[in-house]
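Let me begin by presenting the structure, written as structure tokens, before commenting on it.
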Amino acid sequence: MLKLAGAALLLLGSAGVGRALMGRLKQREKTLEALAGALAQMERELDFRLPPMGEWLLGAAEGSAEPASGFLRECARGLDRQEGPLLPLWERAAKERLTALNREDVQILLDLGAVLGRYGWEEQKKALALAVERLFQARAQAQEERRGKGKVYGTLSLAAGALLVIVLI
């Protein structure tokens, strides 16, 4: 009876590992979508006015989903506390808050952060449009990756659990 319970726990644990890996892929996809939406909102606002940077970031944060809203709020708070120029704040917040993103995704944001607040509205609008486009492309890639790798993660984790059960029994 104890062996059967142990086997069941091993299978459940391995299935949990597979689900956790699939969840990470899903979280990347959701993060990219939230960021693209927030940046698109910032881009649309430039059609009407060029607000102060902190106000602009907070406005975009209010209309967006997590983790994009937290990322933008953190950048705005850093500007309010006068912790320095936007780029280092932007970079730190991206690395601390957007942990589901890969290196290429973060680079899209860093490229944008180098333009925001440093150039005129037209250049900022172009940089935002490019970043939104690149984030949507990354989201499509993440979706495909989740569809392909998600099944593999689920199957391999269950197979590894079953193998462990067989070896240990």
Side-chain angles (χ1 to χ4, degrees), residues 10 12-46 53-118 124-161:
L10 269 173
L12 285 173
S14 64
V17 168
R19 290 196 53 83
L21 291 170
M22 286 188 287
R24 179 128 172 97
L25 293 173
K26 182 76 171 164
Q27 184 60 35
R28 176 177 175 236
E29 192 179 327
K30 283 183 166 185
T31 300
L32 289 166
E33 184 173 356
L35 284 168
L39 297 180
Q41 180 180 340
M42 289 175 70
E43 180 189 0
R44 285 189 301 273
E45 190 164 352
L46 283 180
M53 186 59 69
E55 180 185 322
W56 193 24
L57 294 170
L58 283 176
E62 288 175 13
S64 62
E66 282 294 339
S69 63
F71 163 70
L72 294 170
R73 270 192 207 95
E74 187 172 324
C75 291
R77 273 187 246 133
L79 287 173
D80 286 345
R81 290 185 298 240
Q82 298 179 348
E83 293 178 7
L86 178 64
L87 184 57
L89 297 170
W90 185 268
E91 185 175 347
R92 185 182 73 221
K95 289 179 180 174
E96 290 175 1
R97 289 263 185 183
L98 306 173
T99 57
L101 299 182
N102 65 26
R103 202 174 309 128
E104 293 83 16
D105 301 337
V106 171
Q107 189 59 50
I108 294 168
L109 293 173
L110 296 182
D111 292 345
L112 174 62
V115 174
L116 292 181
R118 296 180 72 194
Q124 291 182 70
K125 188 169 171 55
K126 286 178 184 177
L128 282 163
L130 178 62
V132 167
E133 181 183 328
R134 290 174 65 197
L135 288 171
F136 276 126
Q137 289 171 352
R139 181 182 167 269
Q141 180 224 1
Q143 220 171 16
E144 286 301 314
E145 188 177 332
R146 180 179 52 86
R147 286 187 187 126
K149 286 185 178 178
K151 292 176 185 177
V152 171
Y153 288 160
T155 304
L156 283 178
S157 64
L158 281 175

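Since this is a predicted model, take the numbers as computed values, not measurements. Heads up: numbering here begins at 1 and tracks the sequence.
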Any carboxylate oxygen within less than 4.0 angstrom of a Lys/Arg side-chain nitrogen, looking at K30 and E33?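 Judged by the 4.0 Å cut-off on N to carboxylate O distance, K30 and E33 do not form a salt bridge.
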
Please round to the nearest 0.5 Å and tell me the distance separating atom [atom1] of [X] and atom [atom2] of [Y].
X: M53; Y: R118; atom1: CE; atom2: CZ; value: 11.0 Å
X: R97; Y: S69; atom1: CZ; atom2: OG; value: 8.0 Å
X: D80; Y: L58; atom1: CG; atom2: CG; value: 6.5 Å
X: L79; Y: W56; atom1: CG; atom2: CH2; value: 11.5 Å
X: L116; Y: L128; atom1: CG; atom2: CG; value: 5.5 Å
X: R24; Y: E29; atom1: CZ; atom2: CD; value: 14.0 Å

Determine whether [X] and [Y] make a side-chain contact, defined as any pair of heavy atoms from C-beta on separated by less than 4.5 Å.
X: L35; Y: F136; result: no
X: Q27; Y: P67; result: yes
X: Q107; Y: R103; result: no
X: T31; Y: R28; result: no
X: D105; Y: L32; result: yes
X: P88; Y: E91; result: no
X: D111; Y: R134; result: yes
X: E62; Y: Q41; result: no

Start with the C-alpha distance between E74 and R77, add both sets of side-chain angles, then the distance that settles salt bridge (charged side-chain N to carboxylate O under 4.0 Å, His left out), and finish with yes or no. CA-CA 5 Å; E74 187 172 324; R77 273 187 246 133; 5.7 Å; no

So, does Q124 use its side chain to make a donor-acceptor pair with the main chain of V115 at under 3.5 Å?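 Side chain of Q124 to backbone of V115, a donor-acceptor pair under 3.5 Å: no, none is there.
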
Okay, side chain of W90, backbone of C75: is any donor-acceptor separation there less than 3.5 Å?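 No; zero donor-acceptor contacts below 3.5 Å.
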
